[in-house]
Amino acid sequence: MTSRIPFYFLITLLVIAGAALSMYRHDVYGVPWTPGEQRALWELEARIEFNAIGDPVKVSMAAPETQQGFTLINESTSSPGYGVALIDTDKGRRAEWSIREAAGKQILYYKTQMLVDDQASYTMAPPKGDTPSVSLDNPQQTAATALLSQARNLSSDNLTLARELIKQFNDKNNQNASLLLNSLSREKAISNLLSLEGIHARIVGGLQLEDGRRRQSINPMVEVWDGELWQLFDLHSGLEGKPDNILLWNQQGHSLLDVIGGRNSNISFSIIAQDITPQQATREKVQAEDLLNFSIHSLPIEEQAMFKTIMLVPIGALIVVFLRIIIGLKTSGTFMPVLIAVAFVQTQLLTGILGFLLIVGTGLIIRGYLSKLNLLLVARISAVIITVIMIISVFTVVAFKIGLVEGLSITFFPMIILSWTIERMSILWEEEGAKEVLIQGGGSLLTAVLVYLGMTNDLVRHLTFNFIGMQLIVLALILMLGNYTGYRLSELRRFKPLAED
């Protein structure tokens, strides 16, 4: 008989290593055990892409500064072969890259850390000089005069005038506003009208902060000088003031990105939030930074946001192993419920359950017809995949037409998994009957819901992403459950008469 000592030694080693790594992360880096204990730090990464044409290249990008609600902690760039400088200009702070010659696709990264700080110390420079001159043709000038006249009658100062102008541009039935929007963007049109009225205004770029978002774009907003401060306006809602979840990237109202020596330039942003102490955010440790190069936190923000979801999969696997080995719950497939739960995280629970039932139910009906055609397995699976795609498309369009925006998120479901689920349940229906399909299908859905609840728990998300050692502990628990050979809880009912005898 094989000795179990090496196995138990491995389990112990995994638990000790996982706990030690987690303790080290907590003690050295100051990462809290529970979310919300410390102050939030936003890590933002700008990804610049363009095609160089073989000439000298100069790239200039607006860089964020300390501002209301945020203190700039750290910033860095990743640009092999380029010269980089962070400079203060009359257009505000900018990051500049330069190289003597470049050709082909180029990718540059700029990374910054902004600490949430209600006591942030910053200066708000007043506007310089007179308002810029605005040139409009006769029809545009007539429309602008009418808009300003109406807004002036309904306002009392610069801010209320700006608010009334935004309301007019949000009115789809306003013909004067529509005329200006034919040739100007909303933010440019409002800025020009304020300039005509002698009011200083500038177009700034706001970035909405949401943890784990990738490929975000800048939202244009307008700041209006009220005589003492720059006041921010949301062009869609007309709300005045700076929301807590908005970070101004290009604050001075100048261009966000300038590229000389390249074409087809594009900039996108990835965002991730961490819970750290203010002392850790401001303290620079060279040794700690070197160690971080071997962790997930050294990856680009876009990849970190992806890993934030991937790190939750072992938790789902642990729940599935427990339910199948200890409880004895039947599921259609071993880890299919984990993938469905990942889709639920994207679609929200209620929408995900309804979408899953609709797609699988409709797919079973269609699969029942295909079985009568006696198709080969490969052709049958391919037909089911195409059918699932069509079902998802139809449900999404119908949901959009009737105003159910939540239905649009059904497209997050993994089509291959749904196709195999439909195929497996169809075969099970033919071999075991409808009762077994309901048992395994219901078990799969119940398991997916429980996995979803575990994945969306704030404490679980915090621990799995910030403490890589937790993955070793989860692995040890799964191995321990795999060593269990006793009765499942669901089997106790079968042997109850024996216990009574």
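Everything numeric in this text was worked out from a predicted model, so none of it was measured.
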Is any side-chain heavy atom of [X] closer than 4.5 Å to a side-chain heavy atom of [Y]?
X	Y	answer
F233	L239	no
Y110	V84	no
W42	Q274	no
I218	L256	yes
L209	F70	yes
F7	N483	yes

side-chain hydrogen bond (donor to acceptor under 3.5 Å, both in side chains) partners for S265, two or more places apart
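By the side-chain hydrogen bond (donor to acceptor under 3.5 Å, both in side chains) rule, S265 matches no residue at all.
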
Can you name the side-chain hydrogen bond (donor to acceptor under 3.5 Å, both in side chains) partners of E187, sequence neighbours left out?
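Listed in chain order: S185.
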
Do the side chain of [X] and the main chain of [Y] share a donor and acceptor less than 3.5 angstrom apart?
X	Y	value
T66	L72	yes
Q216	R213	no
N264	N51	no
D211	A273	yes

Testing L44, I271, T112 for side chain to side chain contact (heavy atoms under 4.5 Å, CB included) with L247, which one passes?
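Going through the options one by one, the only one that passes is L44.
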
Can you name the side-chain contact (heavy atoms from CB on, under 4.5 Å) partners of [X], sequence neighbours left out?
X	result
E96	K58, S60, I87
S76	K111
N457	L459, V460
S270	R214, I301, E302

Could you name each residue pair satisfying salt bridge (Lys or Arg N to Asp or Glu O under 4.0 Å) that touches residues 63-82, not counting sequence neighbours?
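Counting only pairs at least two positions apart or across chains, the salt bridge (Lys or Arg N to Asp or Glu O under 4.0 Å) contacts touching residues 63-82 are E75-R93.
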
For [X], enumerate each residue passing the salt bridge (charged side-chain N to carboxylate O under 4.0 Å, His left out) test, keeping only those at least two apart in sequence or located in another chain.
X	answer
R186	none
D244	none
E49	R47, K105, R215
R461	none

With sequence neighbours excluded, what pairs up with F269 under the ring-ring contact (aromatic ring centres under 6.0 Å, His included) test?
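Expected list: W249.
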
